[in-house]
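Computed from a predicted structure; not experimentally measured.
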Amino acid sequence: MKPGPRELGLPLPGVPGPNNAITDVPGVEVGAVTLVEGTGALTVGVGPVRTGVTVILPRGRAGVGSLCAAGTSVLNGNGEMTGAAFIEEVGLLDLPVVLTNSHAVGAGHRGVIDWVVANVPRRADRWMLPVVAETYDGYLNDINGEHVRAATVVRAIEEAANGPVAQGSVGGGTGMCCYGFKGGTGTASRLVTLADRSYTVGVLVQANFGAREELVVAGIPVGRTLPGEDPRAGAPLPPGAGSVIAVVATDAPLLPGQCKALSRRVPLGLARTGTSGSHFSGDLFLTFSTGNEGGLGADHPQPGTERLDTLTYVPWGFIDRFFDAVVQAVEEAVLNALFVNDDMTGRDGHRMPALPVALVLDLVRAGRRP
């Protein structure tokens with residue numbers, strides 16, 4: 001894995017966890033299946049294939065069915081996130097989250113259901129509303145070829161783990177482009193202290209957005225200076241088209257409304273990387289809290305089980321430090337997706353170059369001289 005911007009000495013704020021990944025949040029597991037096959041001219045159903053699936057399990061496989069507080073937000077609605085209506089209604093989440101390409105949402109939905117039916121039959125006895133979110137990889141990938149299937153999602157869930165998370169052209173981010181360079185999957189984390197306890201805020205993005213001239217790195221507008229042009233110029237995709245999905249996780253005990261408030265801060269982190277939020281970009285965000293495990297209600301009400309629950313939560317007056325952590329981690333996650341990547345050639349010879357990291361570093365250093 002190539003070094004990210006932090007390892008290369010860029011001045012990024014905040015203190016990350018040990019892996020600088022969403023999996024620094026205790027219990028969170030991430031799995032990915034990457035599908036890369038074929039070269040040359042597009043034949044729908046055959047390839048070339050440049051796509052995949054990323055899954056995020058809030059409490060790991062063992063915790064599927066255990067409720068988390070959750071909240072969503074939308075910067076621009078030119079995209080899809082299933083299950084968002086239920087989260088808006090009750091502020092709860094208990095199933096794996098799937099990130100994939102725009103035309104594989106159905107496969108993602110079915111895959112979660114198949115896995116839960118096979119592995120958590122008690123949870124499968126009632127309705128399931130999985131969260132599946134997408135970004136468009138059709139510039140590089142045979143997006144209409146049904147290469148992501150329910151079994152692909154099941155495999156990603158089975159392979160989910162704690163620890164470091166692969167970044168760049170992996171999983172759902174395999175065929176994605178960002179700021180006119182190769183984009184994809186990025187993750188980062190921040191440590192937050194409150195009342196003598198340390199909590200983690202982790203972010204994972206599927207970055208597929210932004211026009212090249214918008215790109216800002218560590219406060220320096222490098223995109224205006226980088227040579228060459230976006231290879232998609234002239235393709236039926238306007239500048240800035242694509243989408244971005246961000247999933248924010250924390251072990252801090254939050255109320256559903258507070259999760260929604262954290263989701264609303266994601267665009268501030270994206271803006272630090274330069275985007276103004278294109279109409280042609282679906283920008284959708286989800287936050288969940290793994291705090292208060294077991295305290296958010298029974299799976300299903302049973303006779304004789306009525307009770308009141310008690311929750312611990314971060315007082316609103318101390319929420320700002322968690323907002324800061326979201327903004328910082330989102331910015332770094334996007335930069336990670338760009339910095340660790342490689343060139344990719346996909347369908348019909350369509351090419352997307354990697355970010356010229358050495359040149360970007362020179363521009364940032366020059367821009368920061370007195």
Side-chain angles (χ1 to χ4, degrees), residues 22-23 25 27-35 51-72 79-135 137 143 146-162 165 170-174 185 204-206 243 245-249 259 282 284-290 293 296-297 299-300:
I22 193 172
T23 48
V25 178
V28 173
E29 295 177 352
V30 172
V33 173
T34 301
L35 303 175
T51 194
V53 170
T54 300
V55 297
I56 302 168
L57 286 76
R59 300 190 191 277
R61 282 187 298 277
V64 170
S66 178
L67 292 164
C68 295
T72 62
E80 180 63 273
M81 179 183 286
T82 70
F86 184 67
I87 293 174
E88 180 69 19
E89 181 70 20
V90 301
L92 298 173
L93 170 73
D94 70 339
L95 296 173
V97 176
V98 177
L99 309 184
T100 188
N101 78 60
S102 302
H103 296 178
V105 170
H109 204 274
R110 184 71 244 178
V112 171
I113 292 172
D114 287 351
W115 187 88
V116 175
V117 168
N119 293 276
V120 195
R122 184 170 178 271
R123 178 61 182 87
D125 282 345
R126 58 189 178 89
W127 63 92
M128 288 181 272
L129 300 170
V131 174
V132 184
E134 54 75 31
T135 60
D137 61 12
I143 194 170
E146 295 188 85
H147 301 286
V148 173
R149 300 184 175 129
T152 316
V153 179
V154 170
R155 178 181 158 197
I157 296 172
E158 286 295 328
E159 295 182 1
N162 301 117
V165 176
V170 296
T174 299
T185 301
L204 187 143
V205 300
Q206 188 160 290
S243 285
I245 303 297
V247 178
V248 180
C259 291
L284 310 174
F285 319 121
L286 166 70
T287 298
F288 61 81
S289 162
T290 61
E293 184 171 7
L296 290 163
D299 285 346
H300 202 75

*Taking all non-hydrogen atoms of both residues, which atom of Gly171 and which atom of Thr34 are closest, and how far apart?*
N-OG1, 2.8 Å
_Just verifying a value: how many Å separate Leu286 CG and Met81 CE, rounded to the nearest 0.5 Å?_
5.5 Å
*Under 3.5 Å, side chain of Arg149 to main-chain N/O of Val153, donor-acceptor pair present?*
no
*asked:* For a quick test of reading the model, state the closest non-hydrogen atom pair linking Cys259 to Gly71 and the distance between them.
replied: CB-N, 3.4 Å
Please set out all donor-acceptor pairs under 3.5 angstrom arising from side-chain atoms of residues 97-105, sequence neighbours excluded.
{"unit_1": "Thr100", "atom_1": "OG1", "unit_2": "Gly52", "atom_2": "O", "d": "2.9"}
{"unit_1": "Asn101", "atom_1": "OD1", "unit_2": "His103", "atom_2": "N", "d": "2.8"}
{"unit_1": "Asn101", "atom_1": "OD1", "unit_2": "Ala104", "atom_2": "N", "d": "3.2"}
{"unit_1": "Asn101", "atom_1": "ND2", "unit_2": "Thr51", "atom_2": "OG1", "d": "2.9"}
{"unit_1": "Ser102", "atom_1": "OG", "unit_2": "Glu134", "atom_2": "OE1", "d": "2.4"}
{"unit_1": "Ser102", "atom_1": "OG", "unit_2": "Thr135", "atom_2": "O", "d": "3.3"}
{"unit_1": "Ser102", "atom_1": "OG", "unit_2": "Tyr136", "atom_2": "N", "d": "3.3"}
{"unit_1": "His103", "atom_1": "ND1", "unit_2": "Asn144", "atom_2": "OD1", "d": "2.7"}

*List for me each residue that meets side chain to side chain contact (heavy atoms under 4.5 Å, CB included) alongside Ala151, sequence neighbours excluded, and say none if there are none.*
none
*So, the side chain of Arg59 versus the backbone of Leu67: is there a donor-acceptor pair under 3.5 Å, distance only?*
yes
*Can you check whether Ile157 reaches Leu57 side chain to side chain, under 4.5 Å on heavy atoms?*
yes
*In terms of heavy-atom contacts, does CD of Glu146 have more than 12 from other residues, nucleotides or ligands at under 6.0 Å?*
no
*Between OG1 of Thr152 and CG of Leu35, what distance do you get to the nearest 0.5 Å?*
5.5 Å
*Considering non-hydrogen atoms only, spot the tightest contact between Val112 and Pro96 and give its length.*
CG1-CD, 4.0 Å
_Contact between Asn119 and Val64 at the side-chain level, heavy atoms closer than 4.5 Å - yes or no?_
no
*Hey, what do you get for CD1 (Ile245) to OG1 (Thr54), rounding to the nearest 0.5 Å?*
11.5 Å
*Measure the spacing between OG of Ser66 and CG of Leu93 and express it to the nearest 0.5 Å.*
10.5 Å
*If only atom types and distance count, is the side chain of Glu29 paired as donor or acceptor with the main-chain N or O of Arg61 below 3.5 Å?*
yes
*Do Val28 and Phe288 touch side chain to side chain, with heavy atoms closer than 4.5 Å?*
yes
_Could you report the tightest heavy-atom contact between Leu296 and Cys68, atom names first, then the distance?_
CD1-C, 3.7 Å
*Give a yes or no on whether the backbone of Val170 and the side-chain of Thr185 come within a donor-acceptor separation of less than 3.5 Å.*
yes
*With Val53, the side chain to side chain contact (heavy atoms under 4.5 Å, CB included) member among Val154, Val132, Val148*: Val148
*So which pairs with a foot in residues 105-116 pass salt bridge (Lys or Arg N to Asp or Glu O under 4.0 Å), sequence neighbours left out?*
Arg110-Asp114
*asked:* Please report the interatomic distance OG1(Thr72) to CG(Leu284), rounded to the nearest 0.5 Å.
replied: 8.5 Å
*To the nearest 0.5 Å, what is the distance between CZ (Phe86) and CG (Leu92)?*
6.5 Å
